[in-house]
Novice: 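One structure, pasted below without further comment.
FYI, side chains are in, hydrogens and waters are out, and symmetry mates aren't considered; it's all heavy atoms of this structure.
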Amino acid sequence: MGALPASAKIIIIGGGIIGCSTAYHLGKLGITDCLLLERKKLTSGTTFHAAGLVGQLRSSANITQLLGYSVALYDRLEQETGQAAGWKRNGGLRLACNDERWTEVKRQATTAHSFGLEMDLLSPEEARDLWPLMTVDDVVGAAFLPSDGQANPSDITLALAKGARQAGVTLVDDMAVTRIVLDDAGRLSGVETPEGFVACEKVVCCAGQWSRTLAATVGVSVPLVSVQHQYMVTEPIDGVARDLPTLRDPDRLTYYKEEVGGLVMGGYEPNPLPWAVEGIPADFHYSLLDSDFDHFEQLMELALGRVPALCSAGTRPKASSISCSK
Ligand SMILES: Cc1cc2nc3c(=O)[nH]c(=O)nc-3n(C[C@H](O)[C@H](O)[C@H](O)COP(=O)(O)OP(=O)(O)OC[C@H]3O[C@@H](n4cnc5c(N)ncnc54)[C@H](O)[C@@H]3O)c2cc1C
């Protein structure tokens, strides 16, 4: 825990990747009279257990350009801050399994090329050459972005935090904002913490899934609710190389990345389960939800059709075997 100043020009609430990135970039702009307050430890909210895929291709050209900036930042962050960022540029594959998706991918390629992002269109066989464990019977084509990659989200966040501190920004953990304080005219005057009031001109709310409840205390509606998300991590699998590209398979709702010679596989169910709709439990930090295999099964079925080797792979941390029916 660091010392709490009496005032700051800008207070950033939350020390996940968004809060630490905000602190880093304000510091780089020379706006150093900033204070980041984190209720527990940096990264202990959602960030520490993100899978860590960094893909640039999105349906919005602006977001793709922003993600291109992230890749350029991650390329230099470790050298700049001296903090390992776990970043590797192993490339990213995105599959298209029907004509509509293939048309979308080709359009995205045109947009990507227009602002200089390298993106190659591949045949199913060329895609399989890059990702030998997958079946491609249903694949129409694939996009490959050589500059995509994967990172350790906690390490990236700690590197951003270090860069922010090096620039002169103050980051304090174990310090919750208990209230955003308005003056009689309804203007922001500061925030309250267990160690007292800190005056400020601006608040940047980077409280992730806590934002809705916090913002509601000052009459701001943040339309955000958490949904449960699961991924599995396997033991090492023969044929998974350390430089295996990340793989996104949107028509099978799943994604993959290499981890310690095995695979991380996660996905997005069409029937996601909302979580903590009435508010996040008070002590939720560095916390994981219980596994829900029944809900995950639908993704597992889709993944086994793409990567049959998952059928006999052991899973971590319990090293149990995944059961599958054919
Ligand atoms: C299983 C999983 C896999 C994912 N995989 C990927 C992926 O591969 N690629 C990708 O890009 N994204 C992925 N994500 C999404 C990514 O994790 C989130 O988008 C990102 O971590 C959100 O960061 P954040 O800073 O907004 O939130 P958080 O990390 O949750 O940070 C918010 C912080 O605010 C703090 N806070 C809350 N209230 C207060 C308060 N009153 N006072 C002070 N501090 C407060 C919290 O303690 C917390 O640390 C994944 C997410 C999950 C759950």
Side-chain angles (χ1 to χ4, degrees), residues 49-55 57 86 88 90-99 101-102 105 122-145 148-153 227-273 275 288-326:
H49 60 100
L53 282 80
V54 180
L57 206 56
K88 76 177 172 187
N90 43 344
L93 267 172
R94 188 178 180 85
L95 305 181
C97 296
N98 53 57
D99 291 339
R101 181 81 63 195
W102 187 226
V105 166
L122 306 183
S123 69
E125 293 69 29
E126 288 170 326
R128 196 184 43 208
D129 288 345
L130 291 175
W131 227 92
L133 288 174
M134 72 171 164
T135 60
V136 291
D137 309 352
D138 60 340
V139 175
V140 177
F144 180 62
L145 283 92
D148 272 4
Q150 63 189 70
N152 179 327
V227 294
Q228 298 184 34
H229 182 71
Q230 300 186 83
Y231 59 68
M232 59 173 278
V233 188
T234 77
E235 296 286 359
I237 298 176
D238 280 348
V240 174
R242 296 304 299 269
D243 61 352
L244 190 75
T246 62
L247 175 67
R248 287 182 175 75
D249 190 359
D251 299 304
R252 287 177 180 263
L253 310 174
T254 44
Y255 63 79
Y256 307 79
K257 72 157 197 179
E258 182 276 340
E259 187 166 296
V260 203
L263 290 175
V264 170
M265 185 281 284
Y268 303 95
E269 302 90 351
N271 56 340
L273 299 175
W275 181 72
L288 296 177
L289 307 182
D290 290 337
S291 303
D292 182 344
F293 291 113
D294 287 345
H295 200 64
F296 195 65
E297 191 181 359
Q298 54 187 315
L299 296 176
M300 198 64 220
E301 293 285 333
L302 292 167
L304 286 168
R306 178 68 65 221
V307 187
L310 286 176
C311 195
S312 52
T315 54
R316 289 195 281 139
K318 290 185 185 157
S320 59
S321 194
I322 302 156
S323 65
C324 64
S325 54
K326 293 213 169 130

Novice: Evaluate the side-chain proximity of L310 to Y256: yes if any heavy-atom separation is below 4.5 Å, no if none is.
Specialist: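 Yes, close enough: below the 4.5 Å cut-off.
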
Novice: Let me confirm one number: the CG-CG distance from D251 to N98, rounded to the nearest 0.5 Å.
Specialist: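 Answer rounded to 0.5 Å: 4.5 Å.
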
Novice: For the residue pair Y255 and Y268, categorise the inter-ring angle as parallel (less than 30°), tilted (30 to 60°) or perpendicular (more than 60°).
Specialist: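 Tilted.
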
Novice: To the nearest 0.5 Å, what is the distance between CZ (F293) and CE (M232)?
Specialist: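 CE of M232 is found 9.5 Å from CZ of F293.
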
Novice: Is it true that atom CG of D129 has more than 12 heavy atoms of other residues, nucleotides or ligands lying nearer than 6.0 Å?
Specialist: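 Correct, the count exceeds 12.
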
Novice: Looking at L299, is its backbone amide N or carbonyl O close enough to the side chain of T254 to form a donor-acceptor pair, meaning the two atoms are under 3.5 Å apart?
Specialist: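 Checking the backbone N and O of L299 against the side chain of T254, no donor-acceptor pair under 3.5 Å is found.
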
Novice: Go through the structure and list residues passing side chain to side chain donor-acceptor pair (under 3.5 Å) with R252, not counting sequence neighbours.
Specialist: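 With sequence neighbours excluded, R252 shows a side chain to side chain donor-acceptor pair (under 3.5 Å) to D138, given in chain and number order.
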
Novice: A side-chain contact here means heavy atoms from C-beta on lying under 4.5 Å apart; do D148 and P245 qualify?
Specialist: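 Answer no - side chains too far apart.
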
Novice: Sequence neighbours excluded, which residues qualify as side chain to side chain donor-acceptor pair (under 3.5 Å) partners of E297?
Specialist: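 With sequence neighbours excluded, E297 shows a side chain to side chain donor-acceptor pair (under 3.5 Å) to no residue whatsoever.
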
Novice: Measure from the side-chain N and O atoms of K257 to the backbone N and O of A51, and report whether any donor-acceptor pair falls under 3.5 Å.
Specialist: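 Yes: the side chain of K257 pairs with the backbone of A51.
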
Novice: Is there a donor-acceptor contact under 3.5 Å from the side chain of D243 to the main chain of N90?
Specialist: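 Checked: no pair found.
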
Novice: Under 3.5 Å, is there a donor-acceptor pair between the side chain of Q150 and the main chain of N152?
Specialist: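 Flag not set: sc Q150 to bb N152 has no pair under 3.5 Å.
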
Novice: Would you sort out whether Y231 and H49 count as a side chain to side chain contact (heavy atoms under 4.5 Å, CB included), showing the intermediate values?
Specialist: CA-CA 10 Å; Y231 59 68; H49 60 100; 4.3 Å; yes

Novice: I need the T234 OG1 to L263 CG distance, nearest 0.5 Å.
Specialist: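 Interatomic distance, T234 OG1 to L263 CG, rounded to 0.5 Å: 5.0 Å.
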
Novice: Does any part of the side chain of V307, heavy atoms only, come nearer than 4.5 Å to the side chain of W131, both counted from C-beta?
Specialist: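 Contact flag for W131/V307 side chains = yes.
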
Novice: Out of R94, R101, R306, which residue meets the salt bridge (charged side-chain N to carboxylate O under 4.0 Å, His left out) rule with D249?
Specialist: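 Of all the options given, the one that passes is R306.
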
Novice: How many angstroms lie between CZ in F144 and CG in L122, if you round to the nearest 0.5 Å?
Specialist: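 Those atoms lie 7.5 Å apart.
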
Novice: Less than 3.5 Å apart, any donor N or O on the side chain of Q230 or D292 sitting next to an acceptor on the other?
Specialist: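 No, D292 and Q230 have no side-chain donor paired with an acceptor closer than 3.5 Å.
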
Novice: Could you please spell out the steps behind the side chain to side chain contact (heavy atoms under 4.5 Å, CB included) verdict for E269 and H295?
Specialist: CA-CA 8 Å; E269 302 90 351; H295 200 64; 3.5 Å; yes

Novice: Using the side chain to side chain donor-acceptor pair (under 3.5 Å) criterion, which residues pair with Q298? Sequence neighbours excluded.
Specialist: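 Checked Q298 against side chain to side chain donor-acceptor pair (under 3.5 Å); matches are N271.
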
